[in-house]
Number of protein chains: 2
Amino acid sequence: MFGLGVVSTLLAALVVQPVTALWPLPTSMSSGTEALRLAPWFSIDTSSIPNPPSDLIAAIERTKTYLFTDQLELLDIDRGASYASSIYSSPYISSLSLCLTGSEPVLSISTEAIKPLESRDDSYTLSVPTGGAPAEIKANTTLGLLRGLTTFGQMWYDYQGQTYTLMTPLTVEDSPAYPYRGFMLDTARNFFPVTEIYRMLDAMSWVKINQFHWHVVDSQSFPLVVPGFENISYYGAYTPTSVYEPTDVANVVAYAAARGIDVLVEIDTPGHTSIIWKSYPEHVACPEYTPWATYANEPPAGQLRFASPATTNFTASLLGAVASMFPSTLFSTGGDELNTNCYTNDSITQYYLNSTGETLEQALSNFTVKTHSVLEAMGKTPVVWEEMVLVHNVTLSNETIVMVWISSEDVAAVAEKGFKIVHAASNYFYLDCGGGGWVGDNPAGNSWCDPFKTWQNSYTFDPNANLTVEQQKLIMGGEHLLWTEQSSPSNLDPIVWPRAASSAELFWTGPYLTNATAGGTAETNVTTALPRLHDVAYRMVQRGIMAIPLQPMWCALRPYACDLTA
Amino acid sequence: MFGLGVVSTLLAALVVQPVTALWPLPTSMSSGTEALRLAPWFSIDTSSIPNPPSDLIAAIERTKTYLFTDQLELLDIDRGASYASSIYSSPYISSLSLCLTGSEPVLSISTEAIKPLESRDDSYTLSVPTGGAPAEIKANTTLGLLRGLTTFGQMWYDYQGQTYTLMTPLTVEDSPAYPYRGFMLDTARNFFPVTEIYRMLDAMSWVKINQFHWHVVDSQSFPLVVPGFENISYYGAYTPTSVYEPTDVANVVAYAAARGIDVLVEIDTPGHTSIIWKSYPEHVACPEYTPWATYANEPPAGQLRFASPATTNFTASLLGAVASMFPSTLFSTGGDELNTNCYTNDSITQYYLNSTGETLEQALSNFTVKTHSVLEAMGKTPVVWEEMVLVHNVTLSNETIVMVWISSEDVAAVAEKGFKIVHAASNYFYLDCGGGGWVGDNPAGNSWCDPFKTWQNSYTFDPNANLTVEQQKLIMGGEHLLWTEQSSPSNLDPIVWPRAASSAELFWTGPYLTNATAGGTAETNVTTALPRLHDVAYRMVQRGIMAIPLQPMWCALRPYACDLTA
């Protein structure tokens, strides 16, 4: 009797293809639309690799487990039912062969993952033919094989007990655009048990993040148990059990490395060190002085007396002791937010400045040279926050990596000075911003880095903005960061995931990639990324990570239907 | 040799007293600083109550469980150690007596909790003397006894296995400033299993929230299984198991009522109903029309054909069927964001408008009168969103409660019309704002209601702003709301808690309360609230709620030390 006017809507829904859900998108790939089922007897073949390393075997076992336990239904209106006949009539794939093409000897994933930043080889190729013939991953390194396994694991969906893909024939040739793809966690403002860190490392590995930046201590607490310096954590941890023992560190390092992740530890100096006062009062100026805002960017005030030779020696020894706990070639000495008011009336500092005739800035440079020399003697490359080159002009080795955090606008100035750069700008990559200010007695309740940094914001960041072609070579990559003034295990997963996956793709796939799967013409952008990012989030939930939904499920099941202009 | 300059800091720390951690703060109380220990054989005595209702017995059992399992350490630098000698030398309290002072017969908590809004009696007195004499809660109702038990349960801390308080002698005389203290959850944009709702109800009860506003269905999904209308959820739930069966509803209602919480269900009409199209296509205009933004505030478009008598009858029957599932005297028919474009070219709507000569607005009013009459015949008081009185001027009973959501600026206009009001303004109480926009193809990524609504913002809301003294009587209270476009069980707890506790105190204790515990002069404000709100959050974590920390633990253990001006 009356028309219902729905025909155009139904037609619009039908033309949407199932989404290519690989994340980060490979730098080069082509895929078909043929169905293929994973055989219940599916195996991963390493017979071509003599004595495969145990961490490769473990990675294979994890991959096989996820293949059958993800049980992720296709993010489509009928969750795959419209493909049922294709699925049920599709051939089984029985095996995936791993093939190493690099030079002997075969090194473990863990060894490859912690090599110097620019020596790591993540590259791999993956082919998954139609018809059930064996798939193959080829790589120069076991690390590359791991990356290929990760990609392979993102292809599969569950339809009523059938594990299938709709992407064959698939060929992938992939390697990262940037060597540094990181995530930073602050474990000092609030504490995170190692089990939380393990879970984070798992999720990081699924999106090919290769650098865990561990901001392990700060002015508020010192949970790291450092051999020879046990009193710092004894007096500085929040509770006797809120600590990382050397065995915990070794376990985290090993867990990370086996997943292709290097651990960059940061001992922030000379600022952000108030808590050391409790165990070594002689080395800390303006400890817990009030009003704190005069002496520090956050409470409590307290900074190392870097003009003191004893404090410099103490710090060098401490950094050396920490450095020996971490096999990474990278080590961050921090260097942000130094407050010079702290030293104005500090008698020890003034005594040494008067004795030597040095300025505070000269003393800072000497301190940095001495502490860095200990690290460099251990084969470490120092990493510092941007103030060390933009505010203080300390003497640094040319190899030093500078993290730009205050604003992405500062990148060009660091590049001018010729330092290598990691993008960590608060206006793009700070996961904690926009959740309200945490300082007390503040009715407005805003935070300094409002607003919330959306995934769209970080995903569309341009790593090369304002840089010459030559300067662009200084960019090592970037990272999302979680400062934990208002985070704990209660909100770790949902505040990080899937947002942090946006920089993982940006720095793996590179900005403005021509997306071959979209016909070779479309660039990656927030519109085409969203359906794939849903897939990342839903798969993470299946694997036990509390990633948030980015849209109502109605939208997640209907790619593009909730677009602004749809 | 050198002064360390810490004396003033230590002195400042010592003058801070342990925090009175009751939340919401009782409207009248006095407390001492004597220690008291909970005897391991502590019991709660109901001997004065003939045949105590089973839900009161259950509330007592929960209280006793928490007393011994919270094991919350004092939020103080040394976690209570400085009070050790007071604690170990303090007397044991062996019992708490419950005493009912109201008229017979004794009604259950569940019965009292779901009475008409302004008939509920939450009032109670609590006394906890020094020296170990029995404590006592007196109330007119079992509901009041429950509130007293909740307060009693917030007094206790753990020090090395001793459960103690430092607040005796304590006397409390308490009753809420407003009858409606709510929390709204949207279970349609994304689904929440009933176990999540149970956990939410527990947390709500701990801060004396008494109204669960259940926005159970919307355009995206219809998880409610309604007897006689099963096809709506059969075709409208996200998955066959993402539903609330009638038994689930009955369980949620019972679970809530036993905790002093009434369940206000909302079936949003005539907008926000697209999903009904899948089962009853004849009743929905502009279903999933595109571009959606022309027809709806969010996708998918689709609204009830309220001008059609058949649709009006259908809606009235549906609302009646839902209303019979919920014993509350409140029922929300929604009424927000009606989009008139949807009907412009809808042949059925135009047919009826032409037949009757009614305008669309007249038809809407008739529809509302008819659907509300069904509810009123069942003894229900209708609840609507503000547009029903500010945009559409539909005929409503004087008893109708209007929820103001678009802006707190709209409250005065609703009061002008003489309706009762529940504060639910997006600019104060929307928990989802500030997390980034969820609409696709939107590189800016902002949300319509940015920024994030901090607890400070909602806590300092003035319920009486712009109202005459007479109009202030129309304010029933208020609620925090969680719209779940970007929420799921992954982030339910941390996005809600402890923020939603801020309105729980605002609407229980009332704004601008003179805080007797601070010497009778200080008003409640964000500065004095923060240490207590930490206590709420830490205790929730002890009870399994993933509440976030509002500050670094360093600050939580040092009240006021992280204030802006400290």
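On a predicted model such as this, the values are computed, not experimentally measured, just so you know. Sequence lines set the chain letters: A, B, ... in the order given, protein chains first and strands last, and positions in each chain run from 1.
Of the residues considered (Gln220(B), Glu73(B), Gln486(B)), Gln486(B) shows the highest number of contacts with chain A, using heavy-atom pairs under 4.5 Å. Considering only heavy-atom pairs separated by less than 4.5 Å from chain B, the leading option among Ser447(A), Pro443(A), Pro291(A), Gly436(A) is Pro443(A). The candidate from Pro489(B), Gly435(B), Cys555(B), Ala547(B) with the greatest count of non-hydrogen atom pairs under 4.5 Å with chain A is Gly435(B). Note: Tyr238(B) leads Trp455(B), Phe191(B), Tyr238(B) in heavy-atom pairs under 4.5 Å with chain A. For the options Ile275(A), Thr294(A), Asn442(A), Ile545(A), heavy-atom pairs under 4.5 Å to chain B are most numerous at Asn442(A). Ranked by non-hydrogen atom pairs under 4.5 Å with chain A, the options Asn345(B), Ile548(B), Asn457(B) are led by Ile548(B).
Taking all atoms of both residues into account, the shortest heavy-atom contact from Ala561(A) to Trp292(B) is O-CD1, 3.6 Å. Scanning both residues, Asp441(A) and Thr565(B), for their nearest heavy atoms gives OD2-OG1, 3.3 Å.
The CE atom of Met553(A) sits 11.5 Å away from atom OG1 of Thr484(B), with the distance rounded to the nearest 0.5 Å. Taking CG of Asp563(A) as the start and OG1 of Thr290(B) as the end, the distance is 12.0 Å to the nearest 0.5 Å. We find the CG-CZ distance between Asp450(A) and Phe452(B) to be 9.5 Å, quoted to the nearest 0.5 Å. Interatomic distance, CD1 of Ile495(A) versus CD1 of Ile495(B), reported as 10.0 Å (0.5 Å rounding). Rounded to the nearest 0.5 angstrom, Ser488(B) OG and Leu550(A) CG are separated by 10.0 Å. Taken to the nearest 0.5 Å, the CH2 atom of Trp554(A) stands 13.5 Å off from the CG atom of Asn190(B).
Looking at heavy atoms from C-beta onward, Pro451(B) lies out of side-chain contact with Pro451(A) at the 4.5 angstrom threshold.
Looking at Ala566(B), both its backbone and its side chain come within 4.5 Å of chain A, counting heavy atoms on both sides. For chain A, no part of Ser221(B) is nearby; none of its heavy atoms comes within less than 4.5 Å. Of the atoms belonging to Leu530(B), it is side-chain heavy atoms, and not backbone ones, that fall under 4.5 Å from chain A. The parts of Cys562(A) that come within reach of chain B are both its backbone and its side chain, each placing non-hydrogen atoms under 4.5 angstrom from that chain. Residue contact with chain A, scored on non-hydrogen atoms closer than 4.5 Å, involves the backbone and the side chain of Pro300(B) alike. Using a 4.5 Å cut-off between heavy atoms, Asn491(A) contacts chain B through both its backbone and its side chain. Of the atoms belonging to Thr454(A), it is side-chain heavy atoms, and not backbone ones, that fall under 4.5 Å from chain B.
Taking non-hydrogen atoms and a 4.5 Å limit, the residue list of residues 537-544 of chain B in contact with chain A, ordered by number, reads Tyr538(B), Val541(B).
Listed by chain and residue number, Asp186(B), Asp218(B), Glu298(B), Glu485(B) satisfy the salt bridge (Lys or Arg N to Asp or Glu O under 4.0 Å) test with Arg189(B) (two or more places apart in sequence, or in another chain).
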